[in-house]
Amino acid sequence: MRLDVLSIFPEYLDPLRHALLGRAIEKDILSVGVHDLRQWASDVHRSVDDSPYGGGPGMVMKPEVWGPALDDVADGTGPAARAEDLASANPHLLRPQHDDSDTETQAEEDSDLPLLIVPTPAGKPFTQADAQSWAKEHHIVFACGRYEGIDQRVVEDAAQRYRVREVSIGDYVLIGGEVAVLVIAEAIVRLIPGVLGNRRSHEEDSFSDGLLEGPSYTKPRVWRELEVPPVLLSGNHAIVERWRRDQALLRTQAVRPELLAGVELTPQDQSVLDRG
Ligand code: ADE
């Protein structure tokens with residue numbers, strides 16, 4: 001997968017080189033280009049923003065800067081062609097990898113256009129289902145807005161070269177899209193086959209079955225007089241799985257009850273919830 005990020009604070013994206021994403025870069029599963037938007041600013045001050053039409057506080061990012069920047073990143077031309085890819089921060093020892101090519105599936109949307117993700121608090125909520133779908137993409141471009149956002153015509157115009165998605169990572173306002181990109185990129189990249197060591201670990205993620213994941217435990221069996229639930233030591237796989245489902249149901253009911261409306265509940269699930 002290829003990720004390109006456009007930002008006026010390229011150093012903000014440095015975490016993309018670390019940990020899991022850094023490993024994906026080393027394994028050639030991922031390549032990342034981070035581009036300083038000011039390269040496309042043409043005036044002497046390299047300004048990227050201007051006052052909003054209609055008045056009001058803050059500044060709006062200029063279409064004459066964003067338009068050519070997105071054209072170049074889509075086509076790999078201009079300053080985008082000269083950008084160096086991010087290198088992994090901490091080269092890990094490469095272990096032999098299993099071949100995941102058999103598990104790769106086609107992108108759900110049958111289109112050669114790259115996906116443009118524009119993080120904005122005014123966007124659609126980003127979900128695990130989006131991450132699962134976007135993990136199958138070949139080329140994703142992120143446009144990081146600052147100030148009061150990007151002139152809306154940029155998003156309209158970009159639809160000629162991209163499939164555009166405006167997304168929010170939650171009901172709060174950040175200073176810019178960079179941190180949202182880190183969140184979205186990590187959620188996507190960990191789902192690419194070969195990135196996580198243990199494939200089962202994301203099949204059991206919170207949200208994958210519409211429920212929050214229940215609690216987890218490791219050794220020692222007793223810690224500060226607190227015991228691991230004995231059922232986990234039973235060795236009975238079916239009983240353990242049932243217990244995990246019950247815990248997931250009860251946690252979801254307690255913390256995010258609205259999620260239960262989207263879950264297919266068996267009569268046994270329902271009775272666990274009624275008792276809980
Ligand atoms: N930019 C500013 N706030 C944001 C949010 N909540 N989600 C995505 N991008 C943002």
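Every number for a ligand or one of its atoms is a count from 1 in the order of the listing. The figures that follow rest on heavy atoms only: side chains count, while hydrogens, waters and symmetry mates do not.
Listed by chain and residue number, Asp269 satisfy the side-chain hydrogen bond (donor to acceptor under 3.5 Å, both in side chains) test with Thr266 (two or more places apart in sequence, or in another chain).
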Any protein N/O atoms within less than 3.5 Å of an N/O atom in ligand 1? List the atom names and distances, or say none.
{"unit_1": "ligand 1", "atom_1": "3 (N)", "unit_2": "Leu174", "atom_2": "N", "d": "3.0"}
{"unit_1": "ligand 1", "atom_1": "6 (N)", "unit_2": "Gly170", "atom_2": "O", "d": "3.1"}
{"unit_1": "ligand 1", "atom_1": "6 (N)", "unit_2": "Tyr172", "atom_2": "O", "d": "2.8"}
{"unit_1": "ligand 1", "atom_1": "7 (N)", "unit_2": "Ile169", "atom_2": "N", "d": "3.0"}
{"unit_1": "ligand 1", "atom_1": "9 (N)", "unit_2": "Thr120", "atom_2": "N", "d": "3.2"}

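No more than 12 heavy-atom neighbours from other residues, nucleotides or ligands sit within 6.0 angstrom of CD on Glu84. Other residues, nucleotides and ligands place more than 12 heavy atoms under 6.0 Å from the CG atom of Asp43.
Between the side chain of Arg251 and the backbone N or O of Leu212 there is no donor-acceptor pair closer than 3.5 Å.
Cation-pi check for Arg244 over Tyr217 is not met; the charged atom does not lie both under 6.0 angstrom from the ring centroid and within 45 degrees of its normal.
Side chains of Leu211 and Arg245 form a contact here, defined as non-hydrogen atoms less than 4.5 Å apart.
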